[in-house]
Amino acid sequence: MGRPRPTARRTSRSRQPATRARPRKRSSTISTVRKSELRPMLDIRLIAHDPETFARRLLRRGKGVDLEDLLALDRRRRELIARGDELRHDKSKAEEAMRAADKQSDVFTRFREEMRVVALSIRACETDFEAVLAAMDEHLMLLPNLPDDAAPDGASAEQNPILRVVGQKPSFDFTPKDHTELGEALGLLDFERGTKITGARFTVYRGAGARLERALISFMLDTHTGEHGYTEILPPFLVNHASMRGTGQFPKFQEDAFLLERDGLVLVPTAEVPVTNLHRDEIFEPSALPVAYAAYSPCFRREAGAHGRDTKGLIRQHQFQKVELVMFTTPEDSERAHEALTGHAESILERLGLHFRRVDLCTGDLGFSAARTYDLEVWLPGQNAYREISSCSNFRDFQARRAAIRYRPEGAKKNALVHTLNGSGLAVGRTVVAVLENYQQADGRVRIPEVLLPYMGGLTHLG
RNA sequence: GGAGAGGUGGCCGAGCGGUCUAAGGCGCUUGAUUCGAAAUCAAGUGUGGGGCGACUCACCGUGGGUUCGAAUCCCACCCUCUCCGCCA
């Protein structure tokens with residue numbers, strides 16, 4: 001029997017004596033793409049068990065779902081499993097007899113002819129099964145995560161409740177400039193040449209501008225690793241398709257990614273992808289959780305649906321830098337971890353002395369994979385607006401199911417899915433925007449926030 | 001990029017067409033022994049699917065093929081190691 005059921009594709013046998021999940025040394029789980037494919041994003045058993053409740057919870061996102069096809073496919077799937085198992089069982093019994101039988105005997109020959117037919121039935125059964133799985137997958141892969149019960153109802157961003165406000169808008173006795181103007185005037189940002197050497201939405205940082213970006217990255221990583229307990233990761237900036245599926249970007253959002261078709265690789269849209277997938281196909285010992293990582297990476301996004309939006313400046317680039325926080329927790333712990341992680345991101349803004357607010361994304365504004373999301377919006381005087389600078393989400397078991405990231409609950413017989421979380425801590429490009437616009441002076445120069453001074457090589461002002 | 005070797009359970013490692021429901025060792029868990037421990041002895045110890053359950057099915061890098069039957073044979077691919085070349 002060639003084709004195992006989809007979940008049986010996993011070969012992770014990682015029972016670890018150590019406290020950390022680890023890939024097997026020579027295992028192919030790292031390299032193979034197929035294992036993590038064909039995994040539902042939502043638990044089909046949960047859906048089948050109570051489709052009404054499931055549909056009602058999903059409806060909070062604003063779009064109705066029709067589960068009839070899916071449920072019918074699931075019934076068909078079970079039938080095929082039962083039939084296939086039965087056929088295989090009978091066949092292996094027959095083969096047991098054949099082992100013992102005289103290979104020249106009529107009995108043997110008759111068995112062989114019979115089994116030749118059974119083998120064909122099994123193969124047909126498997127083909128059907130594969131087709132059913134593929135069809136189910138198509139449904140499941142496109143179903144977004146269930147919103148957390150605590151997520152506020154609402155249709156769009158306008159309905160996101162503001163949970164807290166920190167600091168206040170700076171007052172200027174002059175008209176504050178936009179970061180584009182400041183960056184160009186002070187020789188920090190070169191938008192024109194970015195466009196020349198690459199294209200629209202690419203920018204060159206220069207001199208103290210480049211230094212500021214680097215200082216922010218270091219400051220953020222130092223704070224998260226030194227004070228918030230994160231382990232620093234520097235991941236690959238190219239990932240395979242299995243990783244993109246693991247965190248939920250693929251297959252639905254292929255349009256948003258830069259693909260290297262020839263090599264089957266994708267430029268990371270966020271460090272969330274490589275870092276969460278570090279533990280794809282792995283099982284944690286419960287004592288190892290929670291696991292917290294902080295990772296710097298550039299982020300590459302095609303911004304497919306954003307034509308004409310934020311065309312000026314650093315706000316919306318095809319490449320930007322980000323420090324990302326990623327956590328793996330037990331289900332009981334993820335809500336607490338979500339608050340903590342968001343607090344860690346906020347602490348960067350507070351230390352930089354930037355005014356911001358935290359909003360609770362309503363069900364209609366929630367991302368595809370997220371169950372609950374807090375956005376941090378920083379005040380930008382040059383835009384006269386709050387702009388998202390961090391997005392902190394709890395995915396609950398959505399990504400974990402997809403990426404097969406499990407743990408061994410204390411005393412339990414079966415392994416369970418972990419919860420994954422992540423958040424920007426922070427988007428560096430937008431932080432540069434915030435620093436430039438909030439710290440600008442009447443003389444056109446920009447003061448460097450105190451916490452960054454140790455990273456700026458003696459500079460106290462830009463310009 | 002060229003040449004060679006190899007991918008088997010938490011780890012090491014045997015197996016090379018049918019008692020593989022994968023030998024053996026190490027590790028781990030539990031029990032016996034002990035005042036306690038070490039040593040020793042015994043049992044257990046992968047992942048996932050289906051079933052209320054008894055139970056059953058799949059998985060030996062991945063995919064495909066041959067066969068009544070594949071960890072074992074054939075093909076393709078991926079990855080690892082060694083040497084050479086190139087290179088930050």
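A note on names: the letters A, B, ... follow the listed sequences, proteins ahead of strands, and every chain is numbered from 1.
- In this pair, His318(A) and Phe202(A) present their aromatic rings tilted. The plane angle is within the 30 to 60° band.
- When heavy atoms are screened at a 4.0 angstrom cut-off, Lys93(A) is found touching no nucleic acid atom at all.
- Counting heavy atoms from C-beta outward, Thr420(A) and Met327(A) have side chains that stay 4.5 Å or more apart.
- With a 6.0 Å radius and a threshold of 12 heavy atoms from other residues, nucleotides or ligands, Arg206(A) has its CZ atom at or below the threshold.
- Counting only N and O atoms by type, the side chains of Thr270(A) and Lys322(A) include a donor and acceptor under 3.5 Å apart.
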Enumerate all atom pairs, one protein N or O and one N or O from nucleotides 51-55 of chain B, separated by less than 3.5 Å.
from   : atom 1 : to       : atom 2 : distance (Å)
G51(B) : OP1    : Arg78(A) : NH1    : 2.9

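- As rounded to whole Å, 20 Å separates atom P of C78(B) from atom CG of Asp281(A).
- Ser243(A) has its side chain within reach of Arg280(A): a pair of non-hydrogen atoms, C-beta onward, lies under 4.5 Å apart.
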Every protein N/O lying under 3.5 Å from an N/O of nucleotides 67-69 of chain B:
from   : atom 1 : to        : atom 2 : distance (Å)
C68(B) : OP1    : Arg116(A) : NH1    : 3.0
C68(B) : OP1    : Arg116(A) : NH2    : 3.2
C68(B) : OP2    : Arg116(A) : NH1    : 3.2
C68(B) : O4'    : Arg112(A) : O      : 3.3
C68(B) : O2'    : Glu95(A)  : OE2    : 3.3
G69(B) : O4'    : Glu95(A)  : OE2    : 3.3

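- Place Ala82(A) and Ser92(A) on RNA chain B by their nearest nucleotides, and Ala82(A) ends up nearer the 5' end.
- Of the nucleotides present, A32(B) is the one that pairs with U40(B) by Watson-Crick or G-U wobble criteria, both distances under 3.5 Å.
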Stepwise salt bridge (Lys or Arg N to Asp or Glu O under 4.0 Å) test for Arg372(A) and Asp148(A): CA-CA 6 Å; Arg372(A) 184 100 189 263; Asp148(A) 196 297; 5.1 Å; no

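- At most 12 heavy atoms of other shown residues, nucleotides or ligands fall within 6.0 angstrom of atom CD in Glu86(A).
- At G50(B), none of the side-chain N or O atoms of Arg76(A) fall inside 4.0 Å of OP1 or OP2 (strictly under the cut-off).
- Between Arg201(A) and Glu303(A), no side-chain nitrogen of the basic residue sits less than 4.0 Å from a carboxylate oxygen of the acidic one, so the salt-bridge criterion is not met.
- Note: His228(A) and His224(A) have tilted aromatic rings, judged against thresholds of 30 and 60 degrees for the angle between ring planes.
- Looking at which nucleotide of RNA chain B each of Ala416(A) and His89(A) is closest to, the 5′-most match is held by Ala416(A).
- A distance of about 10 Å separates the C1' atoms of U72(B) and C20(B), rounded to the whole Å.
- Every side chain to side chain contact (heavy atoms under 4.5 Å, CB included) that Glu332(A) has, sequence neighbours left out, goes to Thr330(A), Tyr407(A).
- Rounded to a whole angstrom, the distance from the P atom of G65(B) to that of C59(B) is 14 Å.
- Remark: the Asn415(A) side chain and the G48(B) base include no donor-acceptor N/O pair separated by less than 3.5 Å.
- Shown here, C59(B) forms a base pair with G46(B); the pair counts as Watson-Crick or G-U wobble because both key distances fall under 3.5 Å.
- On the C1' atoms, U45(B) is 15 Å away from A22(B), given to the nearest whole Å.
- The same atom, P, is picked in C16(B) and in C73(B); the two are 10 Å apart, to the nearest Å.
- Look at CG on Leu120(A): it is 10 Å from P on U66(B), rounded to the nearest Å.
- Rounded to the nearest Å, the gap between the P atom of G15(B) and that of G24(B) is 15 Å.
- The phosphate of G50(B) (OP1 or OP2) has a side-chain N or O of Arg45(A) nearer than 4.0 angstrom.
- Shown here, A71(B) forms no base pair; nothing in the strands shown gives a Watson-Crick or G-U wobble contact with both key distances under 3.5 Å.
- Taking atom CG of residue Asp85(A) and atom P of nucleotide G48(B), one finds them 17 Å apart after rounding to whole Å.
- For the P atoms, the distance linking U33(B) with U21(B) amounts to 38 Å, nearest Å.
- Across G1(B) and U8(B), the matching C1' atoms stand 31 Å from one another, rounded to whole Å.
- Nucleotide A3(B): paired with U82(B) (Watson-Crick or G-U wobble, both distances less than 3.5 Å).
- No more than 12 heavy atoms of other residues, nucleotides or ligands sit less than 6.0 Å from atom CD of Glu261(A).
- OP1 or OP2 of G49(B) has at least one side-chain nitrogen or oxygen of Lys414(A) nearer than 4.0 Å.
- Using N1 to N3 plus N6-O4 or O6-N4 for Watson-Crick, or N1-O2 and O6-N3 for G-U wobble, each under 3.5 Å, U66(B) pairs with nothing.
- Nucleotide A14(B) is matched to nothing when pairs are restricted to Watson-Crick or G-U wobble geometry with both distances under 3.5 angstrom.
- At most 12 non-hydrogen atoms from other residues, nucleotides or ligands lie less than 6.0 angstrom from CD of Glu450(A).
- One atom, CG of Asp90(A), and another, C1' of A58(B), lie 16 Å apart when rounded to the nearest Å.
- For the C1' atoms, the distance from A70(B) to A58(B) is 15 Å, rounded to whole Å.
- Ile283(A) places its CD1 atom 16 Å from the P atom of U45(B), with the value rounded to the nearest Å.
- Rounded to whole angstrom, the span from the CG atom of Leu133(A) across to the P atom of G50(B) amounts to 11 Å.
- As rounded to whole Å, 17 Å separates atom P of A58(B) from atom CZ of Arg77(A).
- Summarising the geometry, the separation between CD on Glu285(A) and C1' on G27(B) is reported as 13 Å, rounded to the nearest angstrom.
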